[in-house]
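Please read the structure below before turning to the comments.
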Amino acid sequence: MKILIINGPNLNMLGIREPDIYGKNTYDDLCALIRAHAAEKGIDAELYQSNHEGDLVDKIQSAYGNIDGIVINPGAYTHTSVAILDALKAVAIPAVEVHISDVDSREEFRQISYVRLACIATISGHGFDGYLEAVDLLSERHES
Ligand code: CA2
């Protein structure tokens, strides 16, 4: 099984500021955690991060026909991007939305998610572990 893990804008800055919200570990730590978990489960994990909406759309489109599941934290684009929503709908690959922080208990604008409309589940507020839970969810669904 092949899973694509996509992170959107500013997630490459993890660990640098706002440790009270996003923790003190870095984006590289996150990648290492996901890679180790996927390897343990025999899953092929591809990781991608971009600060640019169009690049995120291109990456989702490139998954068509060769990826079994998508884990996506679109960062701030979660709350604004119909383009990312449409790309996920277009490829029709099972996708799970992940947020490190609990977006539903933060500012009102973070409680809106366009991307959620194309996802089979949302995992929010579980820190880095949320990505691992998303991988497990997609893997269990793929096996059944
Ligand atoms: O909780 C999440 O995972 C978010 O998707 C993170 C986004 C935010 O815009 C979403 O509302 C919720 C922010 C990405 C990281 O932003 C940083 C800001 C300062 C220092 C380090 C990272």
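Keep in mind that what you see is a predicted model, and the values were worked out from it rather than measured. Atoms within each ligand, like the ligands themselves, are counted from 1 in listed order. Residues: numbered from 1 along the sequence shown. Values reported hereafter were calculated over all heavy atoms of this structure, with side chains retained and with hydrogens, waters and symmetry mates removed.
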Counting only nitrogen or oxygen atoms and a 3.5 angstrom limit, does [X] reach ligand 1?
X      : value
Met13  : no
Glu18  : no
Arg106 : no
Tyr22  : no

Under 3.5 Å, side chain of [X] to main-chain N/O of [Y], donor-acceptor pair present?
X      : Y      : result
Asp68  : Lys2   : yes
Ser124 : Ser101 : yes
Gln111 : Arg106 : yes
Asp136 : Glu133 : no

Heavy-atom contact under 4.0 Å between [X] and ligand 1?
X     : value
Leu11 : yes
Asn73 : yes
Pro9  : yes

| query | Is the His99 ring parallel, tilted or perpendicular to the His79 ring (thresholds 30°, 60°)? | reply | parallel

| Which option out of Thr78, Asn7, Ile72, Val103 puts a heavy atom nearest to atom 12 (C) of ligand 1? |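 Checking each option, the heavy atom nearest atom 12 (C) of ligand 1 is found in Val103.
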
| Hey, which atoms in ligand 1 end up nearer than 4.0 Å to a heavy atom of His79? | 10 (C), 11 (O)

| request: Provide the number and element of each atom of ligand 1 under 4.0 Å from a heavy atom of Ala76. | output: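 Heavy-atom distances to Ala76 below 4.0 Å select 9 (O).
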
Nearest protein heavy atom with distance in Å, relative to [atom]:
atom                    : value
atom 4 (C) of ligand 1  : His99 ND1, 3.7 Å
atom 1 (O) of ligand 1  : Ser101 OG, 2.5 Å
atom 20 (C) of ligand 1 : Arg17 O, 3.3 Å
atom 15 (C) of ligand 1 : Asn10 O, 3.7 Å
atom 9 (O) of ligand 1  : Arg110 NH1, 3.0 Å
atom 2 (C) of ligand 1  : Ile100 N, 3.4 Å

Would you say [Y] and [X] are linked by a side-chain donor-acceptor pair, where the criterion is simply a distance under 3.5 Å?
X      : Y     : result
Glu53  : Asn51 : no
Ser113 : Glu97 : yes
Asp55  : Tyr48 : no

| Which heavy atom of Ala121 sits nearest a heavy atom of Leu137, and at what distance? |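 Ala121 and Leu137 have their closest heavy atoms at CB-CD1, 4.1 Å.
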
| query | Between Gly130 and Val98, what is the shortest heavy-atom contact and its length? | reply |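 For Gly130 and Val98, the tightest heavy-atom pair comes out as O-CG2, 3.8 Å.
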
